[in-house]
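Reading through the structure tokens given below for one structure.
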Protein chains: 2
Amino acid sequence: MPKNQNAILRLSRYKNTLYKLKTLGLEKVFSDNLADSIHVKSSQVRKDFSIFGIEGHRKGGYEINYLINKINEVLGKTKMNNVILAGAGKLGRALMGYKGFNQVNIKITAIFDIDPEKVKRDSPVPVLPLEEMKEYIKNNHIVIGIIAVPEEAAQLVVEHMIGAGVKGLLNFSTTNIKVPDHVIVNNVHMEAELENIIYYINNPE
Amino acid sequence: MPKNQNAILRLSRYKNTLYKLKTLGLEKVFSDNLADSIHVKSSQVRKDFSIFGIEGHRKGGYEINYLINKINEVLGKTKMNNVILAGAGKLGRALMGYKGFNQVNIKITAIFDIDPEKVKRDSPVPVLPLEEMKEYIKNNHIVIGIIAVPEEAAQLVVEHMIGAGVKGLLNFSTTNIKVPDHVIVNNVHMEAELENIIYYINNPE
DNA sequence: TAGATTGTTAATCGATTAACAATC
DNA sequence: TAGATTGTTAATCGATTAACAATC
């Protein structure tokens, strides 16, 4: 696990709360409030902020607008982040239509699939043949790919992506994909998460 | 984070590798092999196994069949685990059709949605009105729920579920849901994972 | 036996938390 | 000022890793 990964994931979650508070018309927030909202301690919140140089007022808490801006800056959200997706199956198409990404300046600009029948160039988000993926990545300077292909295809697709310049992967397949050191992979293993829940239900303490 | 959560998530990942090795006809595996497959150290693998009383042979490694059985036992996978899903939107329907769950003895038995137009009682996995959820949970002794509803509905749906007996939740909504202490929540925050990737791409070291 | 691998202990590392001085 | 909150340090906690005796 890269250093401070949890802290960075928490920044995303603080941001969600902050947007909601802003919608409610609030302007300031205390570390205690943010702590409650994501179930951590207030010292954790202050620590997280101090890691990334995010400052408050000794007595007046933190300004919400400032916090949102700072967090977006840290997370690199000041510009649109274009990503591609491999796999136009059920999951891929669900992700294609997922509104949550737009809200955080992430845009899926193209989907790639090996099945010619799935290709659809005139779709709002075009579905293109897998053979065109490498060139697309290079031409559009894509650095992030989402893997939503079947297990057996995952490793090969990943290698194509990395070969063309991708530096970060969000992997929805169950496969434990192999990548060079400079590439970052985050896995979304839904079965594993459920198995984990089952474990804690069966073994409470 | 509950204790040993990472270890338990790793068990799921070892299991994936083990099934593949078994398919290849292998019968034994060393801690070194498993370590390589999920990018951890071999002492981590042995430690994980020792936490859960999983044993090998001092020189001959571990028997794959035994490992799979033991891990399934620890993870409570010796019986079918029925779960329900709230939200028949794009994501919900994608999850409904997701084959990965079947492979690990997890079955979505019903989906609930507030929109009457989405109700479909004769579907292979029935889509039922949200009002029927509580009763369904009680009648079928469901203890696990998946949240795939829009943000603003999440907290309420969660409370209905918990009120009816649900003890574990897999939360796909961005909301930081609040639950009593005895309920376990695992969050799948896809935006946060992507933001995390973006951070490490922008800040390599 | 000699060599190799487990199981476990002890060391290390990093993340979380408590505590409190600084300060508004 | 008195009270409250930040920012930071030090303590604690837990997870990972190295090392090696046990042993097959």
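Given the structure is predicted, the values throughout are model-derived calculations rather than measurements. All heavy atoms count here, side chains included; hydrogens, waters and symmetry mates do not.
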- prompt: Can you check the L9(B) CG to dA15(D) P distance for me, whole Å?
  reply: 12 Å
Of the listed nucleotides dA15(D), dA15(C), dT6(C), the one nearest the side chain of N6(B): dA15(D)
statement: Here the distance between atom P of dG7(C) and atom CD of E55(B), to the nearest Å, is 6 Å
Rounded distance in Å - CD1 (I38(A)) to C1' (dT16(C)): 13 Å
task: Could you please name the partner base of dA11(D), counting Watson-Crick and G-U wobble pairs only when both distances are under 3.5 Å?
output: dT16(C)
message: I want to verify a distance call: between dT5(C), dC24(C), dT16(C), whose nearest atom is closest to the Q44(A) side chain?
response: dT16(C)
field: Any N4(A) side-chain nitrogen or oxygen under 4.0 Å from OP1 or OP2 of dG14(C)
entry: no
- prompt: K3(A) near the nucleic acid: base, sugar-phosphate alone, or nothing, with a heavy-atom cut-off under 4.0 Å?
  reply: sugar-phosphate
- line: Side-chain atoms of S43(A) come closest, of dT8(C), dA19(C), dT16(D), to dA19(C)
- prompt: Among side-chain atoms of T17(A) and R13(A), is any donor-acceptor pair under 3.5 angstrom?
  reply: no
query: Closer than 4.0 Å, any side-chain N/O of S31(B) to the OP1 or OP2 of dT6(C)?
result: yes
- prompt: Nearest-Å distance, CZ (F49(B)) to C1' (dT16(D))?
  reply: 16 Å
task: Verify the contact: side-chain N or O of R10(A) to OP1 or OP2 of dA15(C), cut-off strictly under 4.0 Å; return yes or no.
output: no
message: Of the listed nucleotides (dT17(D), dT16(C), dA15(D)), which one gets closest to any side-chain atom of K47(B)?
response: dT17(D)
Watson-Crick or G-U wobble mate for dA22(C), both contacts under 3.5 Å: dT5(D)
Under-3.5 Å donor-acceptor pair between R58(A) side chain and dT23(C) base: no
task: Could you check whether D32(A) gets within reach of a base, just the sugar-phosphate, or nothing at all, counting any heavy atom under 4.0 Å?
output: nothing
message: When you compare the side chains of Y98(B) and E191(A), does any donor N or O come within less than 3.5 Å of an acceptor on the partner?
response: yes
- prompt: Between K59(A) and Q5(A), who's closer to the 5' end of DNA chain C by nearest nucleotide?
  reply: Q5(A)
query: Starting at CG of D48(A) and ending at C1' of dT6(D), how long is that distance when rounded to a whole Å?
result: 14 Å
query: Starting at CZ of F52(A) and ending at C1' of dA15(C), how long is that distance when rounded to a whole Å?
result: 13 Å
message: A quick test of your reading: do over 12 heavy atoms of other residues, nucleotides or ligands sit less than 6.0 Å from CD of E135(A)?
response: no
query: Is any side-chain heavy atom of L169(B) closer than 4.5 Å to a side-chain heavy atom of I162(B)?
result: yes
message: From NZ of K41(B) over to C1' of dT8(C), roughly how many Å is that when rounded to an integer?
response: 19 Å
- line: Among the nucleotides dA19(D), dA4(C), dT8(D), whichever has the atom closest to the side chain of R46(B) is dA19(D)
- prompt: Do N140(B) and T109(B) have side-chain N/O donor and acceptor atoms under 3.5 Å apart?
  reply: no
field: Rounded distance in Å - CD1 (I54(B)) to P (dT5(C))
entry: 20 Å
Point-to-point distance, once rounded to the nearest 0.5 Å, from OG1 of T174(A) to OH of Y19(B): 12.5 Å
